[in-house]
Amino acid sequence: MVGRIEHQLRADASRNSLVNPELDRQLLLDSLRHTENSAWVYELDDDIGGHLYGAVLSDRCGPVSWTGPDGSSFDGAEVLDALLLEAVREWRGRGVKEHRVWCLSEPARVMSWTDSGYSLFSVRGARELVTHDSRSLPMGYSLRRGTPDDFERAIELDAVLDTAQAVDVRSKSSSELAADQEDLFATLNDLETHHYVVEFDKRVIAQCVTFPAPPRRGSFDNTLYLSEVVVDPHHQRRGVASAMLDAALNDAIAKGFRYAEVQWRSANLGATLYWTSYGFHPTYVRLQRTL
Ligand SMILES: CC(C)(COP(=O)(O)OP(=O)(O)OC[C@H]1O[C@@H](n2cnc3c(N)ncnc32)[C@H](O)[C@@H]1OP(=O)(O)O)[C@@H](O)C(=O)NCCC(=O)NCCS
């Protein structure tokens, strides 16, 4: 399995330069040996024709199974179907509600999953960081770092983001909404987080949050993660987000970050167009299927 994962990661990195081919072989072997989750392999003439691994974790909707970029490989659609047949049977038995998969953003690979009933949920985009002149904000706008006094406005802007990402806020229970707010407060309070806000007429009309991305298969070290990037609808398409991000990314470069990553919902057309126009390229896509 480790051999297949190494081979696939190298092949993916040769097709997409924003995918990191590095892998700690011993660490992967040890984690596969000691995991409590099942891994399935498809045997073919004394060889392995595919593998599938899902980490079962609890989420707000109940237990879900996560398959990362190294969690699957398959020589053909029939191999994936055979692996899923076994895996889904076990996951359902454990009460798993949903299977979520990260797969290289490549049409053929994505189609293998969509043909098996999976739908596209979000895109992970990355770009290399190179020093560039920051574009200026339009007249009347100013940029500063956020403070605890901005938390309430941060929640309001987060709601704008949810709407753009087609998150059905009305279907969320009050405890889910409270949990979202707690998550946002925890992020903003984290010492490694930078919160940038843009003001117009003494009112915060845009924000973004940056923090070091956690180590992830396929991502490079020294990657900055961008989150909560949102501009009040009345102030969009004036270059506010671009000037704010130029400043945030130049700060990150000065601190030694070499890459930036962001995630957006595939249903969010504005974000898709914005991130690609800003120089981000899709690396992985997240697909999911209700079990
Ligand atoms: C995405 C968003 C942050 C962009 O902010 P913005 O200040 O309007 O962006 P800019 O004015 O700097 O846009 C720069 C370029 O991005 C592209 N772009 C931005 N928004 C776009 C949209 N809705 N449709 C098409 N292209 C868009 C355009 O090429 C634009 O240049 P142009 O206006 O000269 O054509 C803003 O639309 C927003 O807050 N959306 C809702 C929240 C959201 O989806 N955030 C991203 C979540 S991952």
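Both counts, for ligands and for their atoms, begin at 1 and track the order of listing.
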*Asks:* Any idea which atoms of ligand 1 are less than 4.0 Å away from a heavy-atom of Q263?
*Replies:* 48 (S)
*Asks:* Name the option, out of F280, W275, Y274, that contains the heavy atom nearest to atom 9 (O) of ligand 1.
*Replies:* Y274
*Asks:* Would you say that more than 12 heavy atoms from the other residues, nucleotides or ligands in this model lie under 6.0 Å from the NE2 of H132, or not?
*Replies:* yes
*Asks:* Looking at atom 24 (N) of ligand 1, what's its closest protein heavy atom, distance included?
*Replies:* R237 NH1, 3.3 Å
*Asks:* Would you say the ring centroid of F151 lies under 6.0 angstrom from that of F185?
*Replies:* yes
*Asks:* Starting from atom 11 (O) of ligand 1, what is the nearest protein heavy atom, named by residue and atom, and what distance separates them?
*Replies:* G239 N, 2.8 Å
*Asks:* Is the closest heavy atom of V160 to ligand 1 under 4.0 Å?
*Replies:* no
*Asks:* Minimum distance, heavy atoms only, to atom 38 (C) of ligand 1: which one of R265, Q236, M244, Q165 is it?
*Replies:* Q236
*Asks:* Looking only at non-hydrogen atoms, which of D232, V229, V231, V230 approaches atom 45 (N) of ligand 1 most closely?
*Replies:* V229
*Asks:* What protein heavy atom sits nearest atom 47 (C) of ligand 1, and how far off is it?
*Replies:* L161 CD1, 3.4 Å
*Asks:* Centroid separation under 6.0 Å, is that true for the rings of H99 and Y118?
*Replies:* yes
*Asks:* Could an N or O of ligand 1 be found under 3.5 Å from any N or O of R238, whether backbone or side chain?
*Replies:* yes
*Asks:* In this structure, is the centre-to-centre distance between the rings of W66 and W91 below 6.0 Å?
*Replies:* no
*Asks:* Just which atoms of ligand 1 are under 4.0 Å from any heavy atom in L273?
*Replies:* 24 (N), 25 (C), 26 (N)
*Asks:* Are any of the protein's heavy atoms under 4.0 angstrom from atom 34 (O) of ligand 1, yes or no?
*Replies:* no
*Asks:* Short list, please: which atoms of ligand 1 are under 4.0 Å from a heavy atom of G270?
*Replies:* 22 (C), 23 (N)
*Asks:* Do F220 and V19 have side chains that get closer than 4.5 Å, going by heavy atoms?
*Replies:* no
*Asks:* Below 4.5 Å, heavy atoms only, C-beta onward: do R265 and L120 meet side chain to side chain?
*Replies:* no
*Asks:* Where do V262 and Y274 land on the side-chain contact (heavy atoms from CB on, under 4.5 Å) test, with the steps shown first?
*Replies:* CA-CA 12 Å; V262 67; Y274 177 69; over 6 Å; no
*Asks:* For V262 and ligand 1, does the shortest N/O to N/O distance drop below 3.5 Å?
*Replies:* no
*Asks:* Measure the spacing between OG of S17 and CG of D12 and express it to the nearest 0.5 Å.
*Replies:* 12.5 Å
*Asks:* Any idea which protein heavy atom is nearest atom 5 (O) of ligand 1, and the distance to it?
*Replies:* A241 CB, 3.1 Å
*Asks:* Mark up the atoms of ligand 1 that fall under 4.0 Å of a heavy atom belonging to W264, in ascending order.
*Replies:* 48 (S)
*Asks:* If you measure from the Lys or Arg side-chain nitrogens to the Asp or Glu carboxylate oxygens, is any gap between E261 and R127 under 4.0 Å?
*Replies:* no
*Asks:* Which of the atoms in ligand 1, numbered in the order shown and given with their element, are less than 4.0 Å from a heavy-atom of N268?
*Replies:* 43 (C), 44 (O)
*Asks:* Would a line drawn from the ring center of F200 to the ring center of H235 be shorter than 6.0 Å?
*Replies:* yes
*Asks:* Taking R94 first and then E90, would you say they form a salt bridge - that is, a charged N and a carboxylate O separated by under 4.0 Å?
*Replies:* yes
*Asks:* Are R258 and E128 within salt-bridge range, i.e. N to O under 4.0 Å?
*Replies:* no
*Asks:* Which part of S277 is near ligand 1, with near meaning a heavy atom under 4.0 Å away: side chain, backbone, both or neither?
*Replies:* side chain
*Asks:* Enumerate the atoms of ligand 1 whose separation from the nearest heavy atom of A164 is less than 4.0 angstrom.
*Replies:* 41 (C), 42 (C), 44 (O)
*Asks:* Among protein heavy atoms, which lies nearest atom 14 (C) of ligand 1, and at what distance?
*Replies:* S242 OG, 3.5 Å
